[in-house]
Amino acid sequence: MTEPFTAIAALPDHVGQRVTLKGWLYNKRGSKSLYFLVLRDGTGLVQCVVNEDKVDAASFETASESTQESALEVIGTVHADERQVGGVEVQVESVSLIAQAEPYPITPKEHGVEFLMDRRHLWLRSRRQWAIMRVRNRIIMSMHGYFQENGFIQMDAPILTGNAVEGTSTLFELDYFDEPAYLTQSGQLHGEAMAMAHGKIYTFGPTFRAEKSKTRRHLTEFWMIEPEMAFYDLDMDMEVAEELIVRIVSDVLRDCRDELAVLERDLTPLEAVQGPFPRVSYDDAVALLRSDKTKQLLDEERRGLEQEQAALDTERADNRARYGQAKKGEKRRIDTREIEINQRLDAIEEALRNIPQWAASAANFEWGSDFGGSDETVLTKHFDRPIIVHRFPAVIKAFYMKRDPEDDRLALGMDVLAPEGYGEVVGGGERATDLAFLQRQVEAHGLPEEVFDWYFDLRRFGSVPHSGFGIGLERTVAWVCGLHHLREAIPFPRLIGRLHP
Ligand code: 4AD
Ligand code: MG
C-alpha cells in the first residue's frame with residue numbers, strides 16, 4: 001500500500017521533494033528563533049530544522065513547546081546533508097502536534113538497569129534497543145531463509161505438553177483440566193515425529209525453563225529454532241548448525257551496518273565467523289582446559305588487562321587535573337570520556353576478579369562434569385571462531401541421545417560455543433533409535449513411561465537415524481550484538497523476579 005506519509009528511512013530517495021513525516025520527538029535543540037527537532041518514526045532518525053521565519057506561528061509554538069516523545073506531524077523539504085544521520089535533513093514548513101507527551105522518564109542521562117527494565121515498554125524506543133530489535137528481526141529472517149532454501153518445512157510443536165524434554169528440574173507446571181501439564185522446554189520430541197512425516201523440518205517457537213538462578217545467559221521464556229532431520233548423523237547435524245550460523249552472521253554484517261554501529265559492536269570477531277568451525281571432542285576439551293596453554297592464556301589476559309587498567313587510571317587522573325581550566329566544550333568531552341573510562345574500568349575489575357576463578361575451575365575440571373559458563377568462555381579463547389564440542393559423557397546429557405558406538409560412556413551430542421564469552425548457542429545431536437534402549441533411559445531418568453509412549457511409536461514404526469539441534473534466538477542475538485545480558489535481546493524479557501511489563 002502507499003502511505004500518505006514518508007518513512008524516515010526512505011528520505012534519501014526524496015531529496016528535493018516535499019514530504020509529510022509522522023513520528024515522535026526524540027531530541028530537541030535550539031532557542032529563540034530556531035529549533036532542531038530530531039524525529040524518530042521507527043525506521044530511523046532525521047533532523048528537522050524549524051526556522052521561525054519559514055513556518056507559521058502555530059508551527060513554531062508547537063516546535064518550541066513539544067516535549068520529548070510527543071507525537072508530531074512534520075511537513076517539509078528534504079535536503080541532502082552528509083553530516084546528518086541518514087545523510088539528509090528536513091527544512092520544515094509546518095509542524096503539528098498529534099499528542100503532547102508527559103515528562104518522559106527516560107532521559108539521555110544514565111539510568112540503572114532495573115529502572116529501565118521497569119519501563120521496558122518505553123525503553124524499547126531508545127536507539128540502542130531499537131538497533132538490537134532490528135538485528136533480532138534480521139536474524140529471524142536469516143534462520144527462516146536458510147531452512148526454507150534448504151528443503152526444510154516449518155512446523156509448530158505444541159506449547160502445552162504432557163512430558164518433560166530437558167529434565168524435570170526446570171518445568172513450569174500447570175493444571176490442564178485436572179491433568180498435570182507443562183510449558184514446553186523444547187519442541188524436539190514433537191519435531192522428531194514431524195521429521196518422520198516430512199524428512200527435514202524446523203520448529204520456531206517460545207520455550208520455557210523455570211531457571212531458578214539469575215544469570216546473564218538464562219531467560220525463563222526464550223525462543224528456540226529446532227531443526228530435525230531424518231537420515232542425518234551427528235556429522236551432518238554439525239554441518240547444518242555451522243552453515244546456519246555462518247549464514248546468520250554474514251547476513252547481519254551485510255544488512256545491519258547502521259545497527260551494529262549504534263551498538264558499537266566490534267566487527268572483527270564477527271568477520272572471523274567462517275566455516276569450518278573446529279570440532280573438539282569433549283575429551284579434548286577437558287584436556288585443553290587443564291593444559292598449560294590455558295594457564296598461559298589466562299595469565300597473558302590478566303597482564304593485558306592490568307596494563308590497560310593502569311593506562312586508563314592515568315588518563316582519568318590527567319583529565320581530572322585539566323578539568324578546572326578546560327573550556328565548556330572540552331569539559332563536555334572530558335565528562336563523556338570519564339563515563340566511558342569508568343565503564344571500562346568496571347569491566348576490567350570484574351574480569352580481573354574472575355580470571356583466578358576461571359583458571360581454578362579449568363585446572364581442576366573433572367571428566368564427567370558439565371562445562372560451566374566460565375569453562376566455555378575459557379575454551380573458546382583458544383579459537384578465533386565458534387567451536388563445536390561433541391561426544392559428551394552420557395550422564396550429563398538428556399535421555400534421548402544416541403550412544404557413541406565406539407565408547408558407550410559417551411553420547412552423540414554436540415554444542416556450538418560462541419566466542420567472546422558467549423558460550424553455548426546451540427545444543428543438539430543424534431537421537432537414539434533403539435526402542436528398548438530409550439525405554440531404559442526414560443526409566444533411568446525417572447521420567448513417567450506412559451507419557452512417552454507416543455514417542456516410542458517413532459521407534460516402533462520405521463525407526464531411522466536422525467539428528468537435530470536447538471539454537472537459542474536470544475543467545476544468538478546477544479552474541480551478534482555484543483550484549484552483556486540476554487534481557488536486552490528480547491522485547492519483554494522474562495526472568496526470575498521479572499514478569500512485568
Ligand atoms: O541445550 P538445550 O537445552 O537443548 C534442547 O532443548 C534440545 N532439545 C534442542 C534440540 O536438540 N532440538 O537448549 C538449546 C539451546 C541452548 O543452546 C541455548 O541457546 C538455548 O537453547 N537455551 C536458552 N536460552 C535462553 N535461556 C535459557 N534458559 C536457555 N536454555 C537453553
Ligand atoms: Mg544445552
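When a ligand or atom number is given, it counts from 1 through the structure's own listing order.
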(message) Does any N or O of ligand 1 fall below 3.5 Å from an N or O anywhere on E226, backbone included?
(response) yes
(message) Among all protein heavy atoms in this structure, tell me which lies nearest to atom 19 (O) of ligand 1, with the distance rounded to 0.1 Å.
(response) V425 O, 2.8 Å
(request) Output yes when the distance from some N or O of ligand 1 to some N or O of G472 is under 3.5 Å, and no in every other case. (result) yes
(request) Could you tell me the residue and atom name of the protein heavy atom closest to atom 18 (C) of ligand 1, and the distance to it rounded to 0.1 Å? (result) R475 NH1, 3.6 Å
(request) Quick one: look up the protein heavy atom nearest atom 11 (O) of ligand 1 and list residue, atom name and how far away it is. (result) R431 NH2, 2.9 Å
(request) Return the set of residues passing side-chain contact (heavy atoms from CB on, under 4.5 Å) with E271 (not counting sequence neighbours), or none when no residue passes. (result) L253, R257, L267
(request) Tell me which protein heavy atom sits closest to atom 1 (O) of ligand 1, plus the residue, atom name and distance to 0.1 Å. (result) E424 OE2, 2.9 Å
(request) Report yes if some N/O of S186 lies less than 3.5 Å from some N/O of ligand 1; otherwise report no. (result) yes
(request) Please report the C-alpha distance between F277 and F383 in whole Å, then the side-chain angles of each, then the deciding distance to 0.1 Å, and finally whether the ring pair (Phe, Tyr, Trp, His ring centres under 6.0 Å) criterion is met. (result) CA-CA 9 Å; F277 299 165; F383 305 89; over 10 Å; no
(message) Pairs of nitrogen or oxygen atoms closer than 3.5 Å, one from H218 and one from ligand 1: do any exist?
(response) no
(message) Please report whether the ring centroid of F452 lies less than 6.0 Å from that of F399.
(response) yes
(request) Check whether any N or O atom of G428, backbone or side chain, sits under 3.5 Å from an N or O atom of ligand 1, and answer yes or no. (result) no
(request) Give the residue and atom name of whichever protein heavy atom lies nearest to atom 30 (N) of ligand 1, and the separation in Å to one decimal. (result) F222 CZ, 3.5 Å
(message) Can you report which non-hydrogen protein atom sits closest to atom 14 (C) of ligand 1, along with the distance?
(response) M224 SD, 3.3 Å
(request) Return the set of protein N, O or S atoms whose distance to the Mg ion (ligand 2) is under 2.8 Å, each given as residue and atom. (result) E424 OE2
(request) May I ask you to check whether L219 has an N/O atom sitting below 3.5 Å from an N/O atom of ligand 1? (result) yes
(request) Could you point out which residue of I388, T380, V425, T377 forms a side chain to side chain contact (heavy atoms under 4.5 Å, CB included) with L417? (result) T380
(request) Taking the six-membered ring of F456 (Phe, Tyr or Trp), confirm whether the NZ or CZ of R460 is under 6.0 Å from its centre and within 45° of its axis. (result) no
(request) Compare E166, R209, E192, Q185 and give the one whose heavy atom is closest to atom 13 (O) of ligand 1. (result) R209
